[in-house]
Number of protein chains: 2
Amino acid sequence: MFPEFESYLRSQTTVTREELQLICSKAVERKLRRKEAILQEGEICRYKTFISSGILRTYRTREEGSEHILQFMPEDTWAVDPESYNEEVRSNYFIDALEDSKILQWAKADFVALLNNIPAFKNFSEKIISANIYLNRQRVFSSISSTAEEKYDEFIQSYPGLFARVPLHMVASYLGVTRETLSRIRHAQTKRD
Amino acid sequence: MFPEFESYLRSQTTVTREELQLICSKAVERKLRRKEAILQEGEICRYKTFISSGILRTYRTREEGSEHILQFMPEDTWAVDPESYNEEVRSNYFIDALEDSKILQWAKADFVALLNNIPAFKNFSEKIISANIYLNRQRVFSSISSTAEEKYDEFIQSYPGLFARVPLHMVASYLGVTRETLSRIRHAQTKRD
DNA sequence: TCAAATCGGTGACAAATGTCCTCGTTTTCC
DNA sequence: GGAAAACGAGGACATTTGTCACCGATTTGA
């Protein structure tokens, strides 16, 4: 039914065929066109979202209008605003598609029931959440200890292939520098090799 | 027995008197002198630690030797390296005391048992962890979107009183700037008012 | 108590980064 | 298919930040 998700979950967990079917039975498939959003600032994040294909991003704007990208979510990853989803408060973030994408969504009540009924799925979910906690701490450390060039190198290392799929000015936004700065760093690097 | 911790937990949770006694019965009190460490790089973080009085910090060093502070933990907060504690891997961080401090520690096995046996305590623990996730995301956003001065202002807002207790060069380390930069920011601000 | 370490401010200069602009190419989407 | 938008590079200049060196005041700890 959802071949990408099914092979993803089989390779990552020990859920049985029946459990997998149960999980899929609660999912809603959605196709997104480039620039289409699944969460807007001020809304409550009511779904867990799995990206089957394409790329989404999480970003936030400041009062003056500048956009700042917190995260890229390519295929085989999840998209959610944890605070809005857990606490059911209005989100500060936007989540939208950078390419035409295919996603699966579970309403919170359904997802909670699945976690409670399928221990292997709950374990897996907790593993994903933990990994995100570790990543965010790593990112905070990087933000206070690395130069712009080091952050760029870390990005390339951590997300090989992603750079080719997202515009340079969005990578700059993710890194917290201007696109001009990133352009300079790349220029200096190509000269060095 | 542990008056600071007991009043902290009573005010934050609905644990009963008996549950509180059970929790305290597993705690080990420790007094730290300034600069004394409870976790060193390369060790496994085997305890949950509550700070009854004083201040601790979590920091990490780079190869060249520079220190970068990820977090300050004053009284009524918790200290742990989540990744090392959860996954039982060697930590990249140091945790030590900035002032003479009094702490309570629970061995992981004991703490896990308490969480399983006391639902109100588990709820509370999850609340703390969630709050930390939200804070870290906020901090990542701030790191890519705010100027050094804005980060300084946010720090003062978020942790009033902490600034007075922590040396300026450590606040600079936490913010990811040099002490000279922070000195300049403060100078400019005092001139403006 | 007192020598040593820590701490914070400052000036001079260098390096990194931001801002503003133009330009040519590529991509998007009616 | 073609106009419009998005994209990335680069130059010129301003601003911010880092680096280094020095100094005096304060704190620390034996």
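Chain A is the first sequence line, chain B the second, and so forth, proteins listed ahead of strands; every chain is numbered from 1.
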Please give, in whole Å, the distance from [N] [atom2] to [X] [atom1]?
X        : N      : atom1 : atom2 : value
B:Tyr152 : C:dG8  : OH    : P     : 11 Å
A:Glu64  : C:dG18 : CD    : C1'   : 14 Å
B:Leu175 : D:dT17 : CG    : P     : 11 Å
A:Glu150 : C:dA16 : CD    : P     : 12 Å
B:Glu149 : C:dG18 : CD    : C1'   : 16 Å
B:Glu99  : C:dT6  : CD    : P     : 17 Å
B:Ile185 : C:dG8  : CD1   : P     : 15 Å

Determine, for nucleotides 5-11 of chain D in 5'-to-3' order, which nucleotides have protein heavy atoms under 4.0 Å from the base (write B), from only the sugar-phosphate (write S), or from neither (write -). -SSBBB-
Whichever of B:Thr178 and B:Arg33 has its nearest DNA chain D nucleotide further upstream toward 5':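 Going by which nucleotide is closer to the 5' end, it is B:Thr178.
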Side-chain donor-acceptor pair present, A:Ser101, A:Glu99, cut-off under 3.5 Å: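 No donor-acceptor contact under 3.5 Å links the two side chains.
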Hey, are A:Gln138 and A:Glu154 close enough side-chain-wise for a donor-acceptor pair under 3.5 Å?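 Absent: no donor and acceptor within the cut-off.
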Assess the pair [X] and [Y]: is the distance between their ring centroids shorter than 6.0 Å?
X        : Y        : value
B:Phe111 : B:Tyr47  : no
A:Phe163 : A:Tyr159 : no
A:Trp106 : A:Phe5   : yes
A:Phe50  : A:Tyr8   : yes
B:Phe72  : B:Tyr174 : yes

Are B:Asp96 and B:Arg57 within salt-bridge range, i.e. N to O under 4.0 Å?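 Looking at B:Asp96 and B:Arg57, the cut-off is met.
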Describe, as an angle rounded to 10 degrees, how the axis at the first end of the helix from C:dT1-D:dA30 to C:dC30-D:dG1 is tilted relative to the axis at the last end, five pairs per end.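 One end's axis against the other's: 70°.
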Atom CD1 in A:Ile129, atom OG in B:Ser130: separation rounded to 0.5 Å?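 Rounded to the nearest 0.5 Å, the CD1-OG separation comes to 8.5 Å.
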